[in-house]
Amino acid sequence: MSLRRIEEADPALGAFLTCDPGRVLERAERVDRDVKERPLPLAGVPVAVKDNICTRGLRTTCGSRMLEQYVPPYSATAIERLEAAGAVVVGKVNCDEFAMGSSTENSALQVTRNPYDLDRVPGGSSGGSAVAVAAGMAALALGSETGGSVRQPASFCNVVGLKPTYGRISRYGLVAFASSLDCIAPLGNSPRDIALLLGRIAGRDPLDSTSAPAPVPDYVAELDRPPGRLRLGVPKEYFGQGLDPEVKAAVEAGIRNAGKLGCDVVEVSLPHTRFAIADYYIIAPAEASSNLARYDGVKYGFRAEAPEDLMDMYRRTRTLGFGPEVRRRIMIGTYALSSGYYDAYYGRAMKVRTLIRRDYERAFEKVDALLGPVSPTAAFRIGEKASDPLSMYLSDIYTVTANLAGIPAVSVPCGFTAGGLPIGMQILGNLFQELPLLRLAQAYIREFPVAPPPLRV
Ligand code: GLN
């Protein structure tokens, strides 16, 4: 079913980088046999996996020339857990190179298109994951979040995407971008699907020392309990300049609807939001410059041919192996960490990060969850922002703060533009409050479903 849909739709969409039908069918047959002997909660569920999550024996490129031929000798803990529950990995899906971007255009390998308008981006960096679910090529997907990379493509493609609390899901086997921000994050057609997936992959993992020992609730069993009379906060900073009027109107209508679920809606302030982009775009590149030092032509992947000496090999390997955005970030990050500049850039950015986290702590003393837009605009045209990194960075304004603070947030479909492009609403919660978020999202979608226009494929 999933394979047939991939064959039919993916030539136009370009979500899959690797799909081996023989391997998928073999695995599905094994699950068919196993499920007769023991219950498997995800038996036969087709899952698409972002290509920066390691899968044993299955190419994992990170959308980069550097790892174009890399076949990992191990699987991420999230993959091990999914497969133990009977899920079937249907393939590996496209992303911005090393997850750096907001449109999937930074993939060195192929273009991925939005199923609602083939001339537009699917969002990013987990664009392939969102497209796989939106177009029915997979029931669920894994993406990753460092600064919005699941919520934003979910909102561009009319699916649900959850960024969990930092540490909720093991990062073991997720290729490192910015380790203090990175999370594996699920996408699906409904909060229920996400709950099903999250319950299987969340929880402490001895292979990731930053994974949280907090107990994992039974998300599915608890999902339909009424959310209760929640207090919902609307951050006034999320509705300022730069927010597209159609997105604003749809999200405001979504907030009114959430109020009709029996919630109280109040305005709150997150005053340090205005520093968020500058802050994130110091911290993330700084950590990236350190993490990506390992791609030196010796240990992994690509190596430039016929080097003159060792330095020449390093230099040419990294120049040819990385694309322009990754090189830009390594340079920014290396600069921000260099001696004499460290305090002025990375040190200050970490202080601002604390201020951003405190904004949320204060807000959550007054409210149970926050509501706002995911992205200032709906999906933009392919090429529209590709040559202007700053405008691409600015589009992350509503998402990066949750990553800086470590809190969970979910993107739920809340409407369409007049041109038929999906719009998402974001619900943010306090640390480890995934369950109330999913419950509210589920109640919202049940009461206020949006009828999508037909897909283009
Ligand atoms: N768009 C952000 C960036 O380019 C977020 C990426 C992510 O979450 N992986 O860094």
Side-chain angles (χ1 to χ4, degrees), residues 143 145-155 160-169 181 183 185-187 191 194-195 198 219 227-228 230-240 243 247-248 250-252 254-255 257-259 261 263-277 279-280 353 355-376 395-414 423-445:
E145 275 246 6
T146 302
S149 275
V150 156
R151 285 165 286 157
Q152 187 254 24
S155 80
V160 182
L162 171 75
K163 178 238 173 267
T165 306
Y166 181 79
R168 178 83 285 193
I169 300 173
L181 300 162
C183 302
L187 301 96
I194 304 264
L198 182 65
Y219 296 106
L230 297 179
R231 279 177 74 79
L232 304 178
V234 180
K236 62 172 190 250
E237 291 78 6
Y238 287 15
F239 290 85
L243 180 59
V247 174
K248 183 166 187 265
V251 173
E252 283 175 346
I255 292 170
N257 285 339
L261 296 170
C263 302
D264 297 317
V265 180
V266 295
E267 189 180 88
V268 297
S269 175
L270 301 170
H272 296 95
T273 303
R274 64 199 168 101
F275 301 121
I277 293 295
D279 199 45
Y280 173 85
R353 182 174 184 176
L355 295 175
I356 289 171
R357 189 167 49 226
R358 284 201 192 132
D359 278 358
Y360 282 117
E361 280 167 9
R362 286 206 187 101
F364 289 126
E365 283 166 12
K366 287 186 239 136
V367 298
D368 302 299
L370 298 166
L371 298 182
V374 178
S375 169
S395 72
D396 295 336
I397 177 67
Y398 307 125
T399 43
V400 294
T401 45
N403 303 76
L404 290 165
I407 60 171
V410 61
S411 170
V412 288
C414 78
I423 299 172
M425 176 169 74
Q426 182 171 203
I427 314 175
L428 306 97
N430 210 344
L431 296 168
F432 297 102
Q433 297 302 300
E434 284 85 0
L435 179 58
L437 287 192
L438 289 171
R439 205 184 266 151
L440 178 60
Q442 183 67 32
Y444 178 87
I445 282 184

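Values below: all heavy atoms of this structure, side chains included; hydrogens, waters and symmetry mates excluded. Being a predicted model, the structure only gives us computed values, none of them experimental.
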Which residue is it: Asp279, Thr401, Leu404, Leu355? I am looking for the one with a side-chain contact (heavy atoms from CB on, under 4.5 Å) to His272.
Leu355
What do the steps show when you test Thr165 against Glu434 for side-chain hydrogen bond (donor to acceptor under 3.5 Å, both in side chains), and what is the final call?
CA-CA 8 Å; Thr165 306; Glu434 284 85 0; 2.7 Å; yes
Separation between OG of Ser149 and CG of Asp396, rounded to the nearest 0.5 Å
7.5 Å
Is there side-chain contact between Tyr166 and Pro408, with heavy atoms separated by less than 4.5 Å?
no
Got Asn430 and Tyr360 here, is their nearest side-chain heavy-atom distance under 4.5 Å?
no
Correct closest heavy-atom pair for Ile169 and Pro186 would be CD1-CD, 4.4 Å
Considering all heavy atoms of both residues, which atom of Val265 and which atom of Gly259 are nearest to each other, and what is their separation?
CG2-CA, 3.9 Å
Euclidean distance, Thr399 OG1 relative to Ile277 CD1, rounded to 0.5 Å
7.0 Å
Looking only at non-hydrogen atoms, find the nearest pair between Ala185 and Pro164 and report the distance.
CB-CD, 3.8 Å
Just verifying a value: how many Å separate Cys263 SG and Asn257 CG, rounded to the nearest 0.5 Å?
11.5 Å
Side-chain contact test, heavy atoms from C-beta onward, threshold under 4.5 Å: evaluate it for Asp368 versus Pro436 and give yes or no.
no
Quick check against the 3.5 Å criterion: does Arg231 have a side-chain atom that pairs as donor or acceptor with the backbone of Lys366?
yes
Indicate yes or no: at least one non-hydrogen side-chain atom of Phe239 is less than 4.5 angstrom from one of Val251.
yes
Determine whether the side chains of Glu145 and Asn403 contain a donor N or O and an acceptor N or O closer than 3.5 Å.
yes
Does Glu267 use its side chain to pair, donor to acceptor, with the backbone of Lys236 at less than 3.5 Å?
no
Tyr444: what forms a ring pair (Phe, Tyr, Trp, His ring centres under 6.0 Å) with it, not counting sequence neighbours?
Phe448
Do Ser269 and Glu237 have a side chain donor and acceptor closer than 3.5 Å?
yes
Can you find a heavy atom in the side chain of Ile445 that is under 4.5 Å from one in the side chain of Val160?
yes
Is a side-chain N or O of Lys163 found less than 3.5 angstrom from the main chain of Ile407, in a donor-acceptor match?
yes
State whether a side-chain donor-acceptor pair under 3.5 Å links Tyr398 with Thr273.
no
Can you give me the closest heavy-atom contact between Leu187 and Ala154, atom names plus distance?
CD2-CB, 4.2 Å
Supply the atom-to-atom distance Glu252 CD to Lys248 NZ, rounded to the nearest 0.5 angstrom.
4.5 Å
Side-chain touch Val367/Leu232, heavy atoms, less than 4.5 angstrom:
no
Close side-chain approach of Val234 to Val268, heavy-atom, < 4.5 Å:
no
dist Leu270:CG -> Ile356:CD1 (nearest 0.5 Å) comes out at 9.5 Å
Could you tell me whether a side-chain N or O of Ser155 sits under 3.5 Å from a main-chain N or O of Gly424, the two making a donor and an acceptor?
no
Can Leu438 and Leu198 be said to form a side chain to side chain contact (heavy atoms under 4.5 Å, CB included), step by step?
CA-CA 11 Å; Leu438 289 171; Leu198 182 65; 4.3 Å; yes
Heavy-atom pair of closest approach, residues Arg151 and Gly161:
CG-O, 4.0 Å
Output for pair (Leu371 CG, Leu428 CG), nearest 0.5 Å, gives 8.0 Å
Considering all heavy atoms of both residues, which atom of Val410 and which atom of Ala441 are nearest to each other, and what is their separation?
CG1-CB, 4.4 Å
Would you mind reporting whether Tyr238 and Ile397 have side-chain heavy atoms less than 4.5 Å apart?
no
